[in-house]
Amino acid sequence: ESRGLGDVYKSQGAPRLRRCKKEGIAMAELLKGAPVARALTEELAARCAALRERGVVPTLAIVRVGEREDDLSYERGALKRCEKVGIEARRVLLPAGVSQDELLTAIEDINADSAVHGCLMFRPLPAGLDENAVAAALDPAKDVDSMTPASLLTTLSGRGEGFAPCTAEAVLALLDHYGVELDGAKVAVVGRSLVIGRPVAAMLTARNATVTTCHTHTRDLAAECCAA
């Protein structure tokens with residue numbers, strides 16, 4: 001039976017971590033995100049102001065299909081963050097019953113609009129819509145949420161257009177903010193999903209870290225973490 005990483009930790013992690021502490025191995029340090037978010041907000045606000053002075057209005061298209069409550073909540077947060085740093089947000093609101101062709105047309109319009117610099121589409125899409133086809137249709141240069149195959153390829157290979165997943169980017173931003181030296185560092189990444197685990201591992205490797213990817217079949221998760 002497959003176990004979650006939390007179960008792996010409960011079964012083998014706590015005793016091993018206590019042993020790490022006993023043997024004098026450095027324990028984890030909590031890297032708080034709030035100071036990093038404040039610093040990034042200030043940096044982005046300055047960059048957006050500089051673009052506006054050059055006549056460029058940074059613009060994000062937000063595509064929402066239907067009215068799921070979690071999408072609405074995410075949208076409110078995104079709009080607030082855009083306003084705070086000076087990004088213009090354009091909402092593209094489509095009914096839950098939108099057809100595949102209508103959604104693809106909306107994506108094509110965003111691709112063709114030179115005034116739109118990025119696109120954020122809320123997922124998962126309603127049943128009946130082919131999310132993979134929609135992802136493939138989006139211009140990777142505007143794919144700020146790393147949903148296109150080209151963005152994933154760029155993240156894993158370091159070549160091409162597109163952006164890394166935002167959570168993976170956040171991990172690197174945290175480490176950089178706190179001055180963590182990655183060159184030559186031994187790093188354990190817990191998880192191997194295409195959303196965060198594998199992208200983080202690839203991005204750390206590109207920064208010359210020595211990376212071990214752990215997952216639910218890792219035999220001694222705590223030992224791998226202690227060795228990092």
Side-chain angles (χ1 to χ4, degrees), residues 33 36-37 40 43-44 47-48 51 56-65 68 70-71 74-75 77-79 81-82 85 87-92 94 98 100-126 129-177 182 187 189-209 211 213 215:
V36 188
L40 285 174
E43 177 190 343
L44 290 173
R47 291 170 61 182
C48 288
L51 286 171
V56 178
V57 179
T59 301
L60 174 70
I62 297 177
V63 181
R64 172 165 54 82
V65 180
R68 290 176 48 197
D70 53 345
D71 285 348
Y74 191 11
E75 180 181 302
L79 292 173
R81 289 189 294 274
C82 285
V85 300
I87 294 175
E88 180 177 311
R90 294 187 189 176
R91 295 189 300 164
V92 179
L94 302 169
V98 68
Q100 183 79 17
D101 287 342
E102 290 171 327
L103 178 54
L104 288 173
T105 296
I107 296 298
E108 291 166 1
D109 289 343
I110 291 170
N111 289 342
D113 190 343
S114 60
V116 174
H117 305 101
C119 176
L120 172 64
M121 186 180 75
F122 296 148
R123 296 171 288 165
L125 294 172
L129 294 175
D130 185 344
E131 190 170 300
N132 290 331
V134 176
L138 180 62
D139 181 353
K142 299 187 178 185
D143 176 24
V144 300
D145 201 31
S146 194
M147 62 179 284
T148 65
S151 291
L152 179 61
L153 178 61
T154 297
T155 302
L156 298 180
S157 70
R159 297 187 297 272
E161 288 187 307
F163 300 88
C166 57
T167 307
E169 287 274 21
V171 171
L172 273 292
L174 274 168
L175 296 173
D176 287 340
H177 179 86
L182 297 176
V187 182
V189 174
V190 182
R192 55 181 172 179
S193 75
L194 291 175
V195 177
I196 178 168
R198 294 186 194 182
V200 165
M203 294 164 72
L204 289 169
T205 300
R207 297 277 294 273
N208 299 317
V211 181
T213 300
H215 42 77

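Please read all numbers here as calculations on a predicted model, not as lab measurements.
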Kindly say whether F163 contributes a backbone atom to a donor-acceptor pair with the side chain of S146 at under 3.5 angstrom? yes
Report the C-alpha separation of V189 and V171 in whole Å, then their side-chain angles, then the decisive distance to 0.1 Å, and conclude whether the side-chain contact (heavy atoms from CB on, under 4.5 Å) test is met. CA-CA 11 Å; V189 174; V171 171; over 6 Å; no
Closest approach of V195 to P165 (non-hydrogen atoms, all atoms of both residues): O-CB, 3.1 Å
Please find the pair of heavy atoms, one from P199 and one from L194, that lie closest to each other, and give the distance. CG-O, 3.1 Å
Does the side chain of L40 reach to within under 4.5 Å of the side chain of V85, using non-hydrogen atoms? no
Do R198 and L152 come close enough that some side-chain heavy atom pair is under 4.5 Å? no
When you compare the side chain of V56 with that of H117, does any pair of heavy atoms fall below 4.5 Å? yes
In this structure, CG of D109 is separated from SG of C119 (nearest 0.5 Å) by 11.5 Å
Tell me if a side-chain donor or acceptor on E131 pairs with a main-chain N or O of P124 at a distance below 3.5 Å. no
Taking only distance into account, with no hydrogens and no angle test, what donor-acceptor pairs under 3.5 Å do side-chain atoms of residues 134-142 form with protein atoms, sequence neighbours excluded?
{"unit_1": "D139", "atom_1": "OD1", "unit_2": "A141", "atom_2": "N", "d": "3.0"}
{"unit_1": "K142", "atom_1": "NZ", "unit_2": "I110", "atom_2": "O", "d": "2.7"}
{"unit_1": "K142", "atom_1": "NZ", "unit_2": "N111", "atom_2": "O", "d": "3.1"}
{"unit_1": "K142", "atom_1": "NZ", "unit_2": "D113", "atom_2": "O", "d": "2.7"}
{"unit_1": "K142", "atom_1": "NZ", "unit_2": "V116", "atom_2": "O", "d": "3.0"}

Considering non-hydrogen atoms only, spot the tightest contact between V65 and D71 and give its length. O-OD2, 4.4 Å
For the student: nearest non-hydrogen atoms of L129 and Q100, plus distance: CA-OE1, 3.4 Å
Residues forming a side chain to side chain contact (heavy atoms under 4.5 Å, CB included) with A106, sequence neighbours excluded: V92, L94
If you look only at pairs with a residue in residues 147-156, which of them pass as a side chain to side chain donor-acceptor pair (under 3.5 Å), with sequence neighbours excluded? D143-T148, D143-S151, T148-S151
Going by heavy atoms in the side chains, are I62 and L79 under 4.5 Å from each other? yes
Taking C-beta and beyond as the side chain, do R207 and L175 meet within less than 4.5 Å on heavy atoms? no
How long is the straight-line distance from NE2 of H177 back to CG of L172, given to the nearest 0.5 Å? 14.5 Å
Does some side-chain heavy atom of I87 sit less than 4.5 Å from a side-chain heavy atom of C48? yes
CG (L125) and CZ (R68) are apart, to the nearest 0.5 Å, by 9.0 Å
What do you reckon, is CZ of R47 surrounded by more than 12 foreign heavy atoms closer than 6.0 Å? no
